[in-house]
Amino acid sequence: MALRVYNTLSGEKEIFVPQQPGKAGMYVCGVTVYDYCHIGHARANVVFDIIYRYLKYAGYDVTYVRNYTDIDDKIINRANQEGTDYRTIADRYIRAFDEDMDRLGLARPTVEPKATDHIGGIVAIIETLIEKGHAYAADGDVYFAVETYPDYLKLSGRNLEEMQAGARVEVGEKKRNPMDFALWKGSKPGEPRWESPWGDGRPGWHIECSAMSMKFLGKSFDIHGGGKDLIFPHHENEIAQSEAANGCRFVRYWLHNGFVNINSEKMSKSLGNFFTIREVLQKFDPETLRFFILSAHYRSPIDFSDQSLDEARTGLERIYSCLAAIDEVLNEPSTSNELPAVESLSPIGLELQEKVEQFIPRFVEAMDDDFNTALALGVLFEMVRATNRFLAEVKEFTPLSLSLVAHVSHLFDEAGGVLGLFTSRPAVWLEASNSARAGQVDVSPEEIELLIAQRAEARRAKDFTRGDEIRDLLLEKGIQLLDSAQGTSWKVK
RNA sequence: GGCGGCGUAGCCAAGUGGUAAGGCAGAGGUCUGCAAAACCUUUAUUCAGCGGUUCAAAUCCGCUCGCCGCCUCCA
């Protein structure tokens, strides 16, 4: 089964056929760098990170371009508020973005261009558009004339007449048609400016993406992505500019991710109901956030809450616990040196072996179906259960059972590499997750260890009443004790 | 008003014609001095409602109800 992707342009899943066999070109609209990113940005970037990784995994030579919009009204406003220049603001939030994405474990795109490094390309496209009669200069600004491009609004499925009739569209006095949009904006005094044939100014919002994608991926390329909210007007305008200028199809597959909601409502700056990535990462592990994002299909809305993140953490913990158990088995020196003459697996072992054999085909099938990460995680969990059963059953590990367990370990590495998960050593992750949450409990680890020692003492003396008292005391404070043959450990409940 | 999406167990969530994955939470059991963890078993005769197409529908069509998004900057 081949990779199928949902194309916003056709409204259907289509078999992915790249322009050039074996290669894939992908452009994703990055952020406007005027503030810290919220978890909506986290979702969009994680989603396309997975798509990037999976395309590579599927064997494509991928060129992934993700831009920074580093010149824009909001950046200028912010700079004015702080009494500084736009560059200071842009550079600060580019750094912040990079830090956030690194923490979330994103692979770096092939190229991360900045709009302001491509003014030349932008001006060139605008000149072409004017030459071809698709754009006109008006008093220092340049506008794209939407009526000259018959396919306008084909992505969002709208109708130009009805949109023009809409009361909320104001007629800019310089525009010939209220739907025309700016390619170039003349600079007001004190604003950042670049030279152009139409006077000093700066690019409009949409044109930068046309210029940068063309520079790095050509006039026509495979995948263009972004959040659903970019479909109109941003992507619609990109299509108009690029196709009108180049006379050929701009993008083959348009991919759009769904929103992050708070109480079923879109998270956004204007509603003020957003959480920054940094805020969330103070409470939750980055991998937990990533796991949460992957637990739903990328096109569906997801509802963000502490509870849903808690559940994601519990689920991820289940997997990491299994991986830690695997590590222990694999790192332990082999207990039996005698090889059984005929070695065979128990029914539970055979079941695990079956899961192991089916794993990659099922994983690939899930990911091939429009990057169905939620289904892929389900497949992962089935292998976790089979592995837990097997580990619980086996008393002595033979070469055969060890190689089976090692195989499971490799499969988790392989899938983890695509999903950007399980990058930590399991024992370390579990320990870190536990101690991070220990900070939220009003008992110190030292006190806990002391109480555990006292309890062990009491239990040795068969004073179970005292022992249970200590256990219940800790439980009341949210500390759960875990007894094992190796001793007593603890975790935050 | 126009366009689009969604409604699956207590919660989250896969599933686009062949008889409901997975996770969390819950219940019972194994283990344990008792617990916890782990493991086992179990939890939707049913997919918002009503009609229709079909041998067969959560899946296709129509209508109704409810929620959300885009139409202005937004991942």
Side-chain angles (χ1 to χ4, degrees), chain A residues 8 11-13 28-32 34 37-48 72-74 77 153 156-159 161-163 165-170 205 225-234 236 256-261 263-271 274 291-292 295-297 299-303 305 307-308 310-319 321-322 325 348 362 366 369 372-385 388-393 459 462-465 467-468 471-472 474-475 479-484 488-491 493:
Chain A
T8 305
E12 290 172 351
K13 284 184 198 170
V28 173
C29 292
V31 286
T32 300
Y34 74 103
C37 288
H38 60 223
I39 48 182
H41 298 108
R43 182 181 196 194
N45 284 285
V46 165
V47 160
F48 287 102
D72 163 273
D73 286 349
K74 288 197 284 282
N77 290 342
L153 304 179
S156 52
R158 295 161 203 275
N159 172 305
E161 286 72 42
E162 280 170 7
M163 298 227 18
R168 292 163 85 182
V169 179
E170 285 172 30
W205 174 33
K228 268 190 159 74
D229 45 1
L230 295 182
I231 294 171
F232 183 89
H234 185 53
E236 203 70 76
H256 293 98
N257 66 275
F259 298 128
V260 175
N261 291 160
N263 295 322
S264 303
E265 282 196 332
K266 176 183 171 181
M267 173 186 306
S268 77
K269 291 252 166 169
S270 41
L271 289 171
F274 65 93
F291 187 87
F292 165 68
S295 66
H297 185 88
R299 283 188 283 117
S300 312
I302 46 172
D303 222 68
S305 65
Q307 192 199 331
S308 51
D310 273 330
E311 280 177 16
R313 198 204 59 236
T314 314
L316 185 58
E317 237 171 53
R318 179 172 158 83
I319 297 176
S321 298
C322 176
I348 287 178
R362 292 180 70 199
D369 186 9
N372 194 335
T373 52
L375 182 57
L377 289 180
V379 175
L380 229 54
F381 274 112
E382 284 186 41
M383 194 159 72
V384 166
R385 185 168 43 177
N388 281 337
R389 288 182 68 174
F390 185 66
L391 294 182
E393 177 200 59
R459 292 178 73 210
K462 298 278 182 220
D463 183 358
F464 293 121
T465 314
D468 291 353
R471 188 182 66 205
D472 295 343
L474 283 169
L475 192 58
I479 302 298
Q480 179 74 62
L481 296 186
L482 299 107
D483 292 334
S484 77
T488 301
S489 58
W490 57 275
K491 68 171 197 174
K493 199 171 163 60

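Residue numbers start from 1 in every chain, and the chains themselves are labelled A, B, ... in the order their sequence lines are given, proteins ahead of strands. A quick note: this is a predicted structure, and the numbers were derived from the prediction, not measured. As a basis for the values below, the full set of heavy atoms in this structure was taken, side chains included, without hydrogen atoms, waters or symmetry mates.
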- Message: Between B:rA20 and B:rU8, how many Å separate the two C1' atoms, rounded to a whole number?
- Response: 8 Å

- Message: Does A:His256 reach a base, just sugar-phosphate, or nothing at all? Heavy atoms under 4.0 Å.
- Response: nothing

- Query: Atom CG of A:Leu271 and atom P of B:rC68: how far apart are they, to the nearest Å?
  - Reply: 12 Å

- Message: What is the separation between atom CG on A:Leu380 and atom P on B:rA14, rounded to the nearest whole Å?
- Response: 16 Å

- Pairwise C1' distance, B:rC55 and B:rC70 [rounded to whole Å]: 42 Å

- Task: Compare the minimum distances between each of B:rC34, B:rA75, B:rC73 and the side chain of A:Asp229, then state the nucleotide with the smallest one.
- Result: B:rA75

- Task: Select one nucleotide: of B:rA13, B:rA38, B:rA36, the one nearest the side-chain heavy atoms of A:Gln480.
- Result: B:rA36

- Task: For A:Ser321, answer base if it contacts any base atom (sugar-phosphate contacts may also be present), sugar-phosphate if it contacts only those atoms, and nothing otherwise; contact means non-hydrogen atoms under 4.0 Å.
- Result: nothing

- Query: What are the two closest non-hydrogen atoms of A:Ala44 and A:Asn257, and how far apart are they?
  - Reply: CB-OD1, 3.5 Å

- Choose from B:rC39, B:rU16, B:rA37 the nucleotide whose nearest atom is closest to any side-chain atom of A:Asp369. B:rU16

- Message: Students often get this wrong, so: under 4.0 angstrom with heavy atoms, is A:Ser308 touching a base, only sugar-phosphate, or nothing?
- Response: nothing

- Query: If the C1' atom of B:rC39 is compared with that of B:rA44, how far apart are they to the nearest Å?
  - Reply: 25 Å

- So what does A:Gly258 touch, heavy atoms closer than 4.0 Å: a base, only the sugar-phosphate, or nothing? base

- Under 4.0 angstrom, heavy atoms only, what part of the nucleic acid is A:Asn257 near: base, sugar-phosphate, or nothing? base

- Message: Under 4.0 Å, counting only non-hydrogen atoms across every strand here, what does A:Phe259 touch: a base, just sugar-phosphate, or nothing?
- Response: base

- Rounded to whole angstrom, note down the C1' distance from B:rA57 over to B:rG49. 16 Å

- Phosphate-side-chain proximity, A:Ser300 and B:rA14, N/O vs OP1/OP2 below 4.0 Å: yes

- Task: Report yes if some heavy atom in the side chain of A:Lys266 is under 4.5 Å from a heavy atom in the side chain of A:Asp229; otherwise report no.
- Result: yes

- Task: Can you tell me, in whole Å, how much space there is between the C1' of B:rU19 and that of B:rU46?
- Result: 11 Å

- Message: I need the CG-C1' distance between A:Asp472 and B:rA35, as an integer number of Å.
- Response: 8 Å

- Indicate whether OP1 or OP2 belonging to B:rA14 is found under 4.0 Å from a side-chain N or O atom of A:Asn372. no

- Task: Flag the pair A:Ile231 / A:Thr8 as yes when at least one side-chain heavy-atom distance between them is below 4.5 Å, and no otherwise.
- Result: yes

- Shortest non-hydrogen separation from A:Thr373 to A:Ala296 and the atoms involved: OG1-O, 3.6 Å

- Report the nucleotide, chosen from B:rC12, B:rC70, B:rC34, that has the shortest atom-to-atom distance to any side-chain atom of A:Glu311. B:rC12

- Message: Counting only side-chain heavy atoms from C-beta out, which of B:rC34, B:rC71, B:rA75 sits nearest to A:Phe232?
- Response: B:rC71

- Message: Please report the distance, rounded to the nearest Å, between CZ in A:Arg385 and C1' in B:rU42.
- Response: 12 Å

- Closest to side chain of A:Leu375, choosing from B:rG33, B:rA14, B:rA75: B:rA14

- Query: Side chain of A:Arg318: nearest nucleotide among B:rC39, B:rG22, B:rG69?
  - Reply: B:rC39

- Message: Applying a 4.0 Å non-hydrogen cut-off, can you work out what A:Ile231 is touching in the nucleic acid: base, sugar-phosphate, or nothing?
- Response: nothing

- With a non-hydrogen cut-off below 4.0 angstrom, is A:Val260 in contact with a base, only sugar-phosphate, or nothing? base

- Task: Using the C1' atom as the reference point in each nucleotide, state the distance between B:rA21 and B:rA58 in Å, no decimals.
- Result: 14 Å

- Task: May I ask you to say what A:Arg158 touches in the nucleic acid, namely base, sugar-phosphate or nothing, with a heavy-atom cut-off under 4.0 Å?
- Result: base

- Item | Least distance between heavy atoms, A:Asn159 atom then A:Leu153 atom | C-CD1, 3.7 Å

- Task: Give a yes or no on whether a donor-acceptor pair under 3.5 Å exists between the nucleobase atoms of B:rC34, that is its base, and the side chain of A:Arg471.
- Result: yes

- For residues A:Gln480 and A:Leu475, determine if any side-chain heavy atom of one lies less than 4.5 Å from a side-chain heavy atom of the other. yes

- Item | Results of salt bridge (Lys or Arg N to Asp or Glu O under 4.0 Å) for A:Lys228 - residues two or more places apart only | none

- Query: For A:Gly157, which contact category applies under a 4.0 Å heavy-atom criterion: base, sugar-phosphate, or nothing?
  - Reply: sugar-phosphate

- Message: Which is more 5' along RNA chain B, the nucleotide nearest A:Asn263 or the one nearest A:Arg389? Just name the residue.
- Response: A:Arg389

- Identify, between A:Arg362 and A:Gly467, the residue whose nearest nucleotide on RNA chain B lies closer to the 5' end. A:Arg362

- A:Phe291 versus A:Ile319, closest heavy-atom pair with distance: CE1-CD1, 3.9 Å

- Message: Please determine whether any donor N or O and acceptor N or O are separated by less than 3.5 Å between the side chain of A:Asp468 and the base of B:rG33.
- Response: yes

- Does the ring of A:Phe381 lie flat against the base of B:rG22, closer than 5.5 Å centre to centre with planes under 30°? no

- Message: Using atom C1' in both nucleotides, what's the gap between B:rC65 and B:rA56 to the nearest angstrom?
- Response: 28 Å

- Message: For Watson-Crick and G-U wobble pairs within 3.5 Å on both distances, what is RNA chain B written in dot-bracket notation, | included for inter-strand pairing?
- Response: ((((((((.[[[..)..(...]]].(((((.......))))).....[[[[[..)....]]]]])))))))....

- Item | Proximity to the side chain of A:Ala296 - top-ranked nucleotide from B:rA38, B:rA14, B:rG69 | B:rA14

- Query: A:Asn159 has an atom CG; how far is it from atom C1' of B:rC70, in whole Å?
  - Reply: 15 Å

- Item | Under-4.0 Å salt bridge between A:Arg459 and A:Asp483 | yes

- Task: Determine, stepwise, if the pair A:Glu382 / A:Arg362 fulfils salt bridge (charged side-chain N to carboxylate O under 4.0 Å, His left out).
- Result: CA-CA 11 Å; A:Glu382 284 186 41; A:Arg362 292 180 70 199; 3.2 Å; yes

- Item | Nearest-neighbour nucleotide for the A:Lys266 side chain, B:rC73, B:rA35, B:rC70 considered | B:rC70

- Query: Rounded to the nearest Å, what distance is computed from the CD atom of residue A:Glu317 to the C1' atom of nucleotide B:rA36?
  - Reply: 14 Å

- Below 4.5 Å, heavy atoms only, C-beta onward: do A:Arg385 and A:Arg318 meet side chain to side chain? yes

- Note on the structure: A:Glu382 CD to B:rA13 C1', in whole Å, measures 14 Å

- Message: How about CD on A:Glu393, more than 12 heavy atoms from neighbouring residues, nucleotides or ligands closer than 6.0 Å, or not?
- Response: yes

- Item | Base B:rG33 paired with A:Arg459 side chain (donor-acceptor, <3.5 Å) | yes

- Query: Considering only the C1' atoms, how many Å lie between B:rA9 and B:rC47, rounded to the nearest integer?
  - Reply: 10 Å

- Task: Ignoring the backbone of A:Val31, work out which of B:rC39, B:rA35, B:rA75 is nearest its side chain.
- Result: B:rA75

- Nearest-Å distance, CG (A:Asp303) to C1' (B:rC12)? 10 Å

